[in-house]
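Labels below follow one simple rule: chain letters A, B, ... track the order of the sequence lines, proteins then strands, and each chain is numbered from 1. Quick note: numbers below take in every heavy atom, side chains included, and nothing from hydrogens, waters or symmetry partners.
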Amino acid sequence: MPELPDVETYKRYLDATALHQRVARVRIEDATVLQDAIEPQALAAGLTGQQLESSRRHGKHLFAALDGGDWLLMHFGMTGRLQYYRAHDAMPDYTQVQLDFDNGYHLAYIAPRKLGEVAIIDDPDAFITEQGLGPDALGLGWDAFAALAEGRRGMVKTWLMDQETMAGIGNVYSDEILFQARLHPKTRLPDLGQAGLQQVFETMRQVLQQAIDVQCDPQRMSGFLVPHRGEGEPCPRCAGPIERIQAGGRGSYYCPRCQPAA
DNA sequence: AGGACGCCCTGTTCGC
DNA sequence: TGCGAACAGGGCGTCC
């Protein structure tokens, strides 16, 4: 479930571990995550001899600048993550792509369900435009957020999750935002009103920032629905049973007491 | 435009 | 105990 807060946490992890070391070798254990965007040989050639100089995140995408000018692109699908580890430790299970640095350390891109993407691109901004990604959800101000809602009549949940509207929010955090804003998962945008929309905006910012602050550790997310995503789990507000319904084609967890239908 | 649905992908969980 | 179905969910495509 790597969404914006998770990928931001990965970014900080990468920044704290893997920058400014020369890539001595690239291991491609399984090319599925290259998604036909790049040939394995081209990925290896593009990374070997390079250093990761810096990184930036847009929504759920992470980009690392190479000193040669290109960028390493990483998307994590639903199970992807990074692990930086010592020379003699075992390669983590489900490592798909790994960078071996000249200091002996490794950076593993791990994705058990292979739904992510690893590639090399020359320009993140062009990539964002080509993919049709909207602005990063955490970089949005109120005016821009309100403008994105204009004319939209669908569910708030699917709107928040639509990466072309804004980038970064997925199923888990859209549920969380609606839970904390006390809105039913099927609430529609026109039913919000100006005050309701503002409430969603403020809750969105708060939820994303708080998740980042605790490095997405569910055990530290007090008051969050995240650690209670399961039918019959106790609601963190009222202790009533959490329910699951389909909304926007995804399983959606919510508290029927705290989030009554409008 | 919006929404339901299927597919990709595979480890884990659950029901019989 | 074992086996298959359901589920997890980001992203994409299709159809109504």
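The ring pair (Phe, Tyr, Trp, His ring centres under 6.0 Å) contacts involving residues 6-45 of chain A comprise A/Tyr10-A/Phe76, where partners must be two or more places apart or lie in separate chains. Applying the ring pair (Phe, Tyr, Trp, His ring centres under 6.0 Å) test to every pair with at least one member in residues 226-262 of chain A, sequence neighbours left out, gives these pairs: A/His184-A/Tyr254.
The existence of a salt bridge linking A/Glu231 and A/Arg244 is excluded, since no basic side-chain nitrogen approaches an acidic carboxylate oxygen closer than 4.0 Å. Ion pairing between A/Asp67 and A/Arg22 holds under the 4.0 Å rule for side-chain N and carboxylate O.
Remark: A/Arg81 pairs with no residue by the salt bridge (Lys or Arg N to Asp or Glu O under 4.0 Å) rule, at least two apart or across chains. Listed by chain and residue number, A/Arg27 satisfy the salt bridge (Lys or Arg N to Asp or Glu O under 4.0 Å) test with A/Asp100 (two or more places apart in sequence, or in another chain). For A/Asp217, the side-chain contact (heavy atoms from CB on, under 4.5 Å) criterion is met by A/Gln219, A/Arg220, not counting sequence neighbours. Taking A/Thr9 as the reference, A/Gln215, A/Cys216 meet the side-chain contact (heavy atoms from CB on, under 4.5 Å) condition, with sequence neighbours excluded. For A/Ala147, there are no side-chain contact (heavy atoms from CB on, under 4.5 Å) partners two or more places apart in sequence or in a different chain. Partners of A/Asp191 according to the salt bridge (Lys or Arg N to Asp or Glu O under 4.0 Å) rule, which considers only residues two or more places apart in sequence or in another chain, do not exist here.
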For nucleotides 10-16 of chain C, read 5' to 3', which letter fits each nucleotide if B means a protein heavy atom sits under 4.0 Å from the base, S means only the sugar-phosphate is that close, and - means neither?
BBS----
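Across all strands, A/Phe76 comes closer than 4.0 Å to no nucleic acid atom at all (heavy-atom distances). When heavy atoms are screened at a 4.0 angstrom cut-off, A/Tyr173 is found touching no nucleic acid atom at all.
In summary, the side chains of A/Gln198 and A/Gln194 do not present any donor paired with an acceptor at a separation below 3.5 Å, with no hydrogens or angles considered.
Across its full length, the helix from B/dG2-C/dC16 to B/dC16-C/dG2 shows an angle of 60° between the axes of its 5 terminal pairs at either end, rounded to 10 degrees.
Scanning DNA chain B 5' to 3' for nucleotides with an atom closer than 4.0 angstrom to a non-hydrogen atom of chain A gives a first and last hit of B/dG2 to B/dG11.
Only A/Arg229, listed by number, bring a heavy atom of residues 217-233 of chain A to less than 4.0 angstrom from any atom of DNA chain C.
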